[in-house]
Amino acid sequence: KGYGLAETLREMNAKLKRILPVDMFCCALLLNLSFQRASVEVWNGGMPDGYRLSASGELLATLASRHLPLGILAPERFDDSTEVMPLGVGERLLLLSDGVLDTSDDQERLFGVERLQAVMAENLEPERLFDDVLQALERFGGRARDDISLCDIRMVAPGFEPPAAML
């Protein structure tokens with residue numbers, strides 16, 4: 001319908017506030033990627049930190065949760081403010097659900113943020129980061145308490161044609 005991120009967030013929050021039971025809410029991380037402006041607009045409500053990485057895998061910024069999840073606040077108290085950050089060609093965003101961090105081993109230790117950041121720091125091939133995180137979770141030998149969702153978004157040059165293997 002051509003709505004911007006703020007209007008979309010307000011509508012989603014109002015609808016969820018109306019239909020969800022009082023003890024339920026929706027954690028969400030919404031992005032507005034602009035290839036023309038080489039930027040990303042971010043709203044994070046209750047999701048784990050996302051990461052903006054350079055083409056070589058260096059951590060450039062954290063997409064931290066700065067808002068309550070959707071469906072908690074009344075429309076007049078809802079904060080739709082977003083953060084805009086550059087996203088250059090070759091840079092990427094690594095996003096994840098709390099199921100990644102909350103995976104626990106037989107001694108009830110969590111995979112956690114430190115292990116995730118260690119995997120990111122040790123990664124020598126940025127193209128393999130997604131797979132490296134999955135392999136680290138498998139080596140950790142944990143049990144997922146929740147869904148494990150990962151998303152790796154790379155900014156490409158205009159006119160980029162992905163190889164068949166990426167489709």
Side-chain angles (χ1 to χ4, degrees), residues 1-103 110-121 123 126 129-130 132-134 137 144-158 160 162:
K1 293 184 178 182
Y3 294 122
L5 195 55
E7 294 89 354
T8 303
L9 283 162
R10 287 197 159 282
E11 183 63 30
M12 289 172 67
N13 182 69
K15 177 140 192 180
L16 289 171
K17 180 71 175 154
R18 275 192 317 272
I19 66 171
L20 289 177
V22 177
D23 61 340
M24 292 189 78
F25 50 84
C26 177
C27 294
L29 193 155
L30 276 73
L31 304 174
N32 183 10
L33 295 160
S34 173
F35 293 96
Q36 293 78 20
R37 291 188 300 269
S39 67
V40 60
E41 182 180 11
V42 179
W43 185 92
N44 187 347
M47 290 292 288
D49 290 350
Y51 301 94
R52 179 176 149 238
L53 305 168
S54 71
S56 63
E58 175 189 1
L59 178 62
L60 299 174
T62 301
L63 287 62
S65 176
R66 302 193 193 292
H67 304 280
L68 289 172
L70 297 169
I72 293 177
L73 295 174
E76 61 275 4
R77 295 186 54 222
F78 181 74
D79 180 6
D80 63 9
S81 62
T82 59
E83 238 182 303
V84 177
M85 58 183 70
L87 190 64
V89 171
E91 292 181 2
R92 57 195 329 128
L93 302 173
L94 180 67
L95 313 173
L96 54 136
S97 68
D98 58 353
V100 173
L101 304 176
D102 292 345
T103 294
L110 299 180
F111 185 76
V113 174
E114 285 100 28
R115 279 189 183 84
L116 174 66
Q117 290 177 343
V119 171
M120 291 167 50
N123 173 265
L129 180 59
F130 188 93
D132 286 356
V133 172
L134 291 177
L137 279 166
R145 298 175 183 191
D146 201 349
D147 68 287
I148 291 181
S149 300
L150 284 169
C151 183
D152 185 4
I153 300 169
R154 184 173 54 144
M155 179 63 91
V156 296
F160 172 78

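Since we're looking at a predicted model, the values are computed, not measured.
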Open item on the list: Going by the rule salt bridge (Lys or Arg N to Asp or Glu O under 4.0 Å), which residues pair with E91 if we only count those two or more places apart in sequence or in a different chain?
Closed with: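 Residues passing salt bridge (Lys or Arg N to Asp or Glu O under 4.0 Å) with E91: R52.
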Open item on the list: Looking at M24, I want to see if its CE is surrounded by more than 12 non-hydrogen atoms of other residues, nucleotides or ligands under 6.0 Å.
Closed with: no
I need the minimum non-hydrogen distance between [X] and [Y], along with the two atoms involved.
{"X": "S34", "Y": "R37", "answer": "OG-N, 3.0 Å"}
{"X": "G46", "Y": "P69", "answer": "CA-CG, 4.2 Å"}
{"X": "G90", "Y": "R154", "answer": "O-CG, 4.1 Å"}
{"X": "K17", "Y": "I72", "answer": "NZ-O, 3.1 Å"}
{"X": "D102", "Y": "L110", "answer": "O-CD2, 3.5 Å"}
{"X": "V42", "Y": "L63", "answer": "CG2-CD2, 3.8 Å"}

To the nearest 0.5 angstrom, please state how far the [atom1] atom of [X] sits from the [atom2] atom of [Y].
{"X": "T8", "Y": "D80", "atom1": "OG1", "atom2": "CG", "result": "10.5 Å"}
{"X": "E11", "Y": "L70", "atom1": "CD", "atom2": "CG", "result": "11.5 Å"}
{"X": "Q117", "Y": "L59", "atom1": "CD", "atom2": "CG", "result": "7.0 Å"}
{"X": "D132", "Y": "N123", "atom1": "CG", "atom2": "CG", "result": "5.0 Å"}

Open item on the list: Against N32, only a single residue in V40, L5, V84 fulfils side chain to side chain contact (heavy atoms under 4.5 Å, CB included); can you say which?
Closed with: L5
- [ ] Report the residues that fulfil ring-ring contact (aromatic ring centres under 6.0 Å, His included) with F25, sequence neighbours left out, ordered by chain and then residue number.
- [x]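 Not a single residue meets the ring-ring contact (aromatic ring centres under 6.0 Å, His included) criterion with F25.
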Task: Donor-acceptor contact below 3.5 Å, side chain R10 vs main chain F78 - done: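 Looks like yes, one N/O pair under 3.5 Å.
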- [ ] Spell out, as yes or no, whether a donor-acceptor pair under 3.5 Å connects the side chain of N13 to the backbone of G71.
- [x]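 Yes, N13 side chain to G71 backbone: donor-acceptor pair under 3.5 Å.
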Open item on the list: Tell me whether the rings of H67 and W43 are parallel (<30°), tilted (30 to 60°) or perpendicular (>60°).
Closed with: parallel
Using the test side chain to side chain contact (heavy atoms under 4.5 Å, CB included), find all partners of [X] that sit at least two apart in sequence or belong to another chain.
{"X": "D146", "value": "D98"}
{"X": "R115", "value": "F111, F140"}
{"X": "D147", "value": "S97, S149"}
{"X": "I153", "value": "L31, L33, L93, L95, C151"}

- [ ] Would you please test T103 and I148 for side-chain contact (heavy atoms from CB on, under 4.5 Å) and show each step?
- [x] CA-CA 9 Å; T103 294; I148 291 181; 3.6 Å; yes
